[in-house]
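The next block holds one structure in the form of structure tokens; read it before the comments.
Worth saying up front: this structure is predicted, and the values here are computed from it rather than measured.
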Amino acid sequence: MDIAAKFDERPVSAPPMYDLIELFFFAYRDFVGDADRLLITYEFGRAHHRVLHFVSRQPGLTIAELLEILKITKQSLNRVLKELIDKSFIEARAGAQDRRHRQLHVTPKGARLARELAQLQTRRFMEAMDTLGEGGRKRASAFLLAMIDENQRERVVALIGAKDPAAGESYALAGQQNGDKD
């Protein structure tokens, strides 16, 4: 089923939410813009960032698993992955159970860059969360989760190591300190 057919099944009687659509666009633009400015110094783009992020968060990820996460073609991934490997940010190792399956790992250099990029984006999230007050992180998490296709939510929650905010639980992300109030 294509995306247009999916949404044709759910007719909307309300006018388009241009304000939210545009706010989402500009928020995303600025969120990724912070990382883009750092990535350009390495001659990398957003695709490099996404690959580096998920490989750093999921050591031992296979190429097939990465393709499933990113929802891109193998051809799209190959160029980006080759550059990250050639510049020693990621390494591909033979699989522990099946040596034909390459498992991806960040190098120390890759881990530093992934962490620096995450810190840039964390700073932006923290500034935004400060404006939302108590419980803001839980509400923001629930909203973002609701934006994900329903049939993918459980998988995404498992992938990011989170609890389901829709069930009244806050995210328990890896690296999140127990002292967080949201």
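Clustering ILVMFWY residues whenever any of their side-chain heavy atoms sit less than 4.5 angstrom apart, transitively, puts Leu23 in a cluster other than the one holding Leu144. Taken together through direct or relayed side-chain contacts under 4.5 Å among Ile, Leu, Val, Met, Phe, Trp and Tyr, Phe125 and Tyr28 form part of one hydrophobic cluster. Placement of Leu67 and Leu52 within a single hydrophobic cluster is found when ILVMFWY residues are connected by side-chain heavy-atom separations under 4.5 Å, directly or transitively.
Between Thr73 and Ser76, the shortest heavy-atom contact is OG1-OG, 2.9 Å. Taking both residues in full, the closest heavy atoms of Ala35 and Leu117 are given as CB-CD2, 3.7 Å, listed atom of the first, atom of the second, then distance. Smallest separation of non-hydrogen atoms from Leu145 and Arg153: O-NE, 3.2 Å.
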Trace of the side-chain contact (heavy atoms from CB on, under 4.5 Å) decision for Glu68 with Glu65: CA-CA 5 Å; Glu68 177 62 25; Glu65 292 167 332; 5.6 Å; no
Step-by-step side-chain contact (heavy atoms from CB on, under 4.5 Å) determination, His105 to Gln103: CA-CA 7 Å; His105 297 269; Gln103 292 183 308; 4.0 Å; yes
Derivation of the side-chain contact (heavy atoms from CB on, under 4.5 Å) call for Met147 and Phe143: CA-CA 6 Å; Met147 290 287 293; Phe143 173 79; 3.9 Å; yes
Leu113 and Phe44: CA distance, side-chain angles, deciding distance, side-chain contact (heavy atoms from CB on, under 4.5 Å) verdict: CA-CA 11 Å; Leu113 179 56; Phe44 290 159; 4.1 Å; yes
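Ring-plane geometry between His53 and His49 is classed as perpendicular, the angle between the planes exceeding 60 degrees on a 0 to 90 degree scale with a lower cut at 30.
Here the side chains of Leu159 and Gln58 are in contact, with some heavy-atom distance below 4.5 Å. Side-chain contact between Arg124 and Asp30 is present, with heavy atoms from C-beta onward closer than 4.5 Å. Residues Phe89 and Val106 fail the side-chain proximity criterion, which asks for heavy atoms closer than 4.5 Å. Side-chain contact between Lys87 and Glu43: present, with at least one pair of heavy atoms (C-beta onward) separated by less than 4.5 Å.
Atom CZ of Arg155 and atom CD1 of Ile160 lie 12.0 Å apart (nearest 0.5 Å). To the nearest 0.5 Å, the span separating CG on Asn78 from CD1 on Ile63 amounts to 7.0 Å. Here Asp130 contributes atom CG and Arg137 contributes atom CZ; the two are 12.0 Å apart, rounded to the nearest 0.5 Å.
Each of Thr107, Leu61, Leu81 was evaluated against Ile90; a single residue qualifies, Leu81, per the side-chain contact (heavy atoms from CB on, under 4.5 Å) test.
Counted within 6.0 Å of CD on Gln119, heavy atoms from surrounding residues, nucleotides or ligands total more than 12; the atom is thus considered enclosed. Around CD1 of Ile40, the count of heavy atoms belonging to other residues, nucleotides or ligands within 6.0 Å does not exceed 12.
Sorted by first then second residue, the salt bridge (charged side-chain N to carboxylate O under 4.0 Å, His left out) pairs that include residues 45-54, not counting sequence neighbours, are Asp36-Arg46. Residue pairs that meet the salt bridge (charged side-chain N to carboxylate O under 4.0 Å, His left out) test with at least one member in residues 74-85, sequence neighbours left out, are Arg79-Glu83, Lys82-Asp86.
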